[in-house]
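All values below come from the heavy atoms of this structure, side chains included, with hydrogens, waters and symmetry mates left out. Residue numbering restarts at 1 for every chain, and letters A, B, ... go by the order of the sequence lines.
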2 protein chains.
Amino acid sequence: MTLCIDWALWRSFLAVAEAGSLSGAARRLSLTQPTVGRHIEQLEGAFGQKFFLRSPQGLMPTEEALALLPQARAMAMAADSLERQASAPAEEARGIVRIAASHVVGVELLPEALAPLVDAHPGLETELALSNENSDLLRHEADIALRMARPTQGSLIARYLGEVPLGLFAHRSYLLRHGSPQEPGDLRGHLLIGADRDPAFLAALEAFGGAMTRRSFRLRCDSEAAQLAALREGIGIAICQRGIAARDPDLVPVLAGQVSFRLGCWLVMHDDLRAVRRIRMVYDHLGKCLPRMFKRQPVP
Amino acid sequence: MTLCIDWALWRSFLAVAEAGSLSGAARRLSLTQPTVGRHIEQLEGAFGQKFFLRSPQGLMPTEEALALLPQARAMAMAADSLERQASAPAEEARGIVRIAASHVVGVELLPEALAPLVDAHPGLETELALSNENSDLLRHEADIALRMARPTQGSLIARYLGEVPLGLFAHRSYLLRHGSPQEPGDLRGHLLIGADRDPAFLAALEAFGGAMTRRSFRLRCDSEAAQLAALREGIGIAICQRGIAARDPDLVPVLAGQVSFRLGCWLVMHDDLRAVRRIRMVYDHLGKCLPRMFKRQPVP
DNA sequence: GATCCGCTATACGGAAATGTATGACCCTAT
DNA sequence: ATAGGGTCATACATTTCCGTATAGCGGATC
């Protein structure tokens with residue numbers, strides 16, 4: 001407020017920092033290199049410090065610019081969110097809704113869950129922001145998020161969807177080749193598929209008190225979607241949501257009665273978006289639809 | 001991103017919504033009324049909807065605009081924060097630091113706590129954002145916040161400052177006129193000063209199981225600073241931080257050994273600001289300084 | 001070593017956004 | 001009733017800002 005910096009300058013600032021060059025930023029913003037260059041100049045002039053080191057290879061952010069970067073991103077998120085929200089009148093069921101979820105959920109559950117909704121509302125557009133990290137709703141990275149951890153409040157609205165049942169599964173072909181484990185101890189001889197560095201997963205392993213370590217899993221990957229693909233390929237045994245496994249008749253439960261996990265699941269949205277009808281609608285729909293999908297049993 | 005709205009338009013949007021008129025917004029932004037009017041026009045054109053109802057008395061936000069408002073504010077917060085952060089090179093101990101706290105703390109503790117710091121660093125500017133509500137660091141309303149509740153994470157860094165000891169106090173003159181209560185039951189006949197609608201306070205009362213209600217307090221006000229002023233005026237008996245009461249020799253503990261409370265206290269900052277030296281510095285200083293002030297004993 | 005492709009920096013003409021000035025309207029106060 | 005302060009809308013001049021074009025620099029490729 002003190003200096004009244006034109007907000008457009010920050011946009012150029014962020015673009016340059018992310019693109020690494022004036023020209024690159026200009027392309028991204030549909031501007032020209034001299035314009036973006038002037039913006040940066042203007043910014044540096046206003047604050048009396050250099051934000052980028054010029055070089056013929058591009059611009060390198062200085063220490064100061066790096067410190068500003070996260071906040072500039074926050075601003076960009078808010079701007080994007082504004083454009084999404086303004087994309088249609090609040091009381092209509094059309095416009096853009098951005099949903100954050102893990103890769104598996106995005107691949108295996110959301111398409112099916114959203115299908116009837118987008119079908120019924122021709123003006124409704126959905127964006128899936130799939131990521132392993134909990135994307136930050138507070139920064140408006142998405143409108144709605146599906147989370148496996150209780151949201152730690154802070155102007156967020158959450159709905160508990162219940163527990164997602166997990167189990168061990170293997171492809172029929174794998175079991176034909178390697179046999180079916182009959183008790184947990186048998187797992188030692190099998191090829192297990194698990195997460196790579198996912199902290200939640202590693203923490204869960206601790207619970208087994210050393211009986212299972214990261215090394216127990218011979219195919220490690222943080223993308224659950226890739227794990228699922230490997231599972232379907234018959235590479236080994238993996239943990240999978242029962243509801244998802246149930247959709248594939250070739251996936252066979254392993255140690256069904258003996259090994260099982262559950263994961264709490266929350267649907268979260270930002271309080272700011274309470275007034276936006278289409279978001280509320282998607283939120284409510286997912287809130288009804290997903291628990292059913294979690295509970296789905298295999299059809300024999 | 002889809003439409004590439006100039007960020008400056010959102011700034012005008014917010015200003016108009018908050019000022020209630022084009023002219024007002026123009027003054028606030030150091031622009032002119034036609035310019036701001038064009039901005040709004042442009043925005044409405046881009047999204048194909050009206051955001052304001054024009055009238056000779058000003059502009060009234062439509063339903064749609066109201067839905068966008070919180071996010072526009074979030075964007076403004078981020079912009080303000082950016083300006084603050086850029087106000088000085090990150091590695092220098094000068095620039096602006098914005099601190100959120102309650103009114104009492106802002107009046108009674110922060111000035112004293114900050115004095116040596118601003119004295120030692122001539123370039124350091126501090127802004128106090130005093131409010132009863134927990135101001136939202138995640139929206140960059142402030143750089144550092146002092147809170148009486150455990151921060152519910154989410155990219156926030158927090159330091160536990162320990163428990164703030166509270167007690168009942170009264171001004172010497174009040175006790176001369178009305179006598180000193182000797183046991184908790186005696187409080188019934190006295191004029192108690194307490195909060196008005198503060199949910200935390202009302203929740204705390206529940207703990208007494210109906211023995212104390214909101215009506216037990218004859219002077220009710222949510223501003224603890226005003227409560228303190230009333231206390232000093234000799235109006236009645238109030239709950240007060242012991243450290244604050246200790247600074248005033250005329251404030252006498254009431255039922256000192258028998259009634260006491262404690263309140264957890266956290267110093268919080270946003271993870272994004274970790275790299276900004278001056279903020280870190282103020283954070284560290286307050287982290288050391290405040291616990292001492294909480295524990296301060298009356299000097300007889 | 002010559003060529004090409006990426007980048008930045010500078011100069012200049014043109015378009016777009018801004019500011020000034022004015023008119024019309026409404027409310028309030030005299 | 002009327003003058004004054006507030007508002008928005010419009011027309012016009014100007015300035016500011018942007019884009020085009022070009023020069024200069026460094027690294028990669030052949």
Side-chain angles (χ1 to χ4, degrees), chain A residues 1 3-66 69 79 82-83 86, chain B residues 1 3-66 69 72 75 79 83:
Chain A
M1 208 50 104
L3 287 159
C4 264
I5 298 293
D6 185 347
W7 287 8
L9 301 187
W10 291 123
R11 173 179 236 179
S12 295
F13 171 85
L14 180 61
V16 169
E18 292 192 330
S21 75
L22 295 180
S23 318
R27 279 191 295 274
R28 202 184 281 204
L29 297 175
S30 306
L31 294 174
T32 58
Q33 169 255 320
T35 300
V36 178
R38 278 186 290 256
H39 284 177
I40 302 300
E41 238 170 47
Q42 220 169 316
L43 221 43
E44 293 179 328
F47 292 108
Q49 49 180 314
K50 288 267 166 268
F51 287 134
F52 296 95
L53 298 174
R54 269 78 165 173
S55 87
Q57 289 85 285
L59 276 73
M60 230 197 74
T62 62
E63 200 71 31
E64 288 77 39
L66 287 175
L69 222 50
L82 266 171
E83 287 197 26
Chain B
M1 208 53 102
L3 287 159
C4 266
I5 298 293
D6 185 347
W7 287 8
L9 300 187
W10 291 123
R11 172 179 238 181
S12 295
F13 172 86
L14 180 61
V16 170
E18 293 193 329
S21 76
L22 295 180
S23 318
R27 278 190 295 273
R28 202 183 283 203
L29 298 175
S30 305
L31 294 174
T32 58
Q33 168 255 322
T35 300
V36 178
R38 277 187 290 257
H39 284 178
I40 301 301
E41 235 170 49
Q42 219 171 318
L43 220 45
E44 293 179 329
F47 292 107
Q49 49 179 312
K50 288 267 165 272
F51 287 134
F52 296 95
L53 298 174
R54 269 77 165 174
S55 85
Q57 290 84 286
L59 275 73
M60 231 197 74
T62 63
E63 200 70 32
E64 288 77 39
L66 287 175
L69 223 49
M75 193 169 169
E83 288 197 26

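At least one side-chain heavy atom of A:Trp7 sits under 4.5 Å from a side-chain heavy atom of B:Met75. The closest side-chain heavy-atom distance from A:Trp10 to A:Leu43 is below 4.5 Å. Under the 4.5 Å side-chain criterion, counting only non-hydrogen atoms from C-beta, A:His39 is not in contact with A:Leu29. With contacts defined as side-chain heavy-atom distances shorter than 4.5 Å, the pair A:Glu44/A:Phe13 does not qualify. Side-chain contact between B:Leu14 and B:Leu69 is present, with heavy atoms from C-beta onward closer than 4.5 Å.
Taking atom CD of B:Gln33 as the reference point, atom P of C:dA17 lies 17 Å away to the nearest angstrom. Whole-Å rounding puts the A:Leu53 CG to C:dA9 C1' distance at 16 Å. Distance CD (A:Glu41) to C1' (C:dA9): 9 Å, rounded to an integer number of Å. Separating the CG atom of B:Leu9 from the C1' atom of C:dA16 is a distance of 13 Å, rounded to the nearest angstrom. Protein atom CE of A:Met60 is 17 Å distant from nucleotide atom P of C:dC7, rounded to whole Å. Rounded to a whole Å, the CG atom of B:Leu31 is 11 Å from the P atom of C:dT20. In this entry the distance linking CZ of A:Arg38 with P of C:dT10 reads 12 Å, nearest Å.
In this structure a side-chain-to-backbone donor-acceptor pair under 3.5 Å is present from B:Gln49 to A:Ala86. Distance alone, capped at 3.5 Å, places no donor-acceptor pair between the B:Thr62 side chain and the B:Phe52 backbone.
Counting 5' to 3', DNA chain D first comes under 4.0 angstrom of a heavy atom of chain B and last does so at the ends given by D:dT7 to D:dT10.
Proximity of residues 19-26 of chain B to DNA chain C (heavy atom under 4.0 angstrom from any strand atom) is not detected for any residue.
To the nearest 0.5 Å, the span separating CE on A:Met60 from CG on A:Leu66 amounts to 7.5 Å. In this structure, OG on A:Ser12 lies 12.5 Å from CD on A:Glu41, to the nearest 0.5 angstrom.
Heavy-atom nearest nucleotides on DNA chain D were determined for A:His39 and for B:Pro56, and the one closer to the 5' end corresponds to B:Pro56. Annotation: of the two residues near DNA chain D, A:Gln57 and B:Leu59, the 5′-most nearest-nucleotide partner is B:Leu59.
A sub-4.0 Å separation between OP1 or OP2 of C:dG6 and a side-chain N or O of A:Arg27 is absent.
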